[in-house]
Amino acid sequence: MRKLAQDAGLEFFGDGRPSTRLDQWLDQGWAEARIAEFRPTVALVSLGTNDAGSNFSSTFSDRAKALVAMAARYGTTILWI
C-alpha cells in the first residue's frame with residue numbers, strides 16, 4: 001500500500017495491529033487518535049475473521065456506523081476492504 005501511494009504521489013500512514021477487532025479500535029480510542037493526529041481524507045479498514053466471529057457481532061453494524069460517524073467529524077471517509 002505504501003508503495004502504491006508513493007507511486008501516485010500520495011501521503012501514506014499505516015497502523016495495523018494483528019488480532020485486534022473493531023470494538024478494540026473504538027473502545028481503546030486507537031481509531032480516533034490516529035484519525036485526529038493524521039487527518040486522512042480516506043482511511044482503509046481491513047477486517048478479518050476475528051471480527052466476524054467475535055461475541056459482539058450482533059452490534060457490529062452499530063460499531064461500524066460509529067466509526068464512520070467519528071471519522072466524518074474529521075473529514076475522513078472510511079473505505080472497507
### Query
Would you find a donor on one side and an acceptor on the other, under 3.5 Å apart, between the side chain of R34 and the backbone of A31?
no
### Message
Donor-acceptor pair, distance only, cut-off 3.5 Å: does the side chain of E32 make one with the backbone of G29?
### Response
no
In Å, rounded to the nearest 0.5 Å, how long is the span from [atom1] of [X] to [atom2] of [Y]?
{"X": "E37", "Y": "I35", "atom1": "CD", "atom2": "CD1", "value": "11.5 Å"}
{"X": "D62", "Y": "L67", "atom1": "CG", "atom2": "CG", "value": "13.0 Å"}
{"X": "Q6", "Y": "M1", "atom1": "CD", "atom2": "CE", "value": "12.5 Å"}
{"X": "T41", "Y": "E11", "atom1": "OG1", "atom2": "CD", "value": "9.5 Å"}

Heavy-atom distance under 4.5 Å between the side chains of [X] and [Y], does that happen here?
{"X": "Q28", "Y": "T20", "value": "no"}
{"X": "R63", "Y": "D27", "value": "yes"}
{"X": "K3", "Y": "F12", "value": "no"}

### Query
With hydrophobic residues grouped by side-chain heavy-atom distances under 4.5 Å, do Y74 and W80 end up in a single group?
yes
### Message
Are V68 and W25 connected into the same hydrophobic cluster when the rule is that any two of I, L, V, M, F, W, Y join if their side-chain heavy atoms are below 4.5 Å apart?
### Response
no
### Query
Under 30°, 30 to 60°, or over 60°: which ring-plane class applies to F38 and F13, parallel, tilted or perpendicular?
parallel
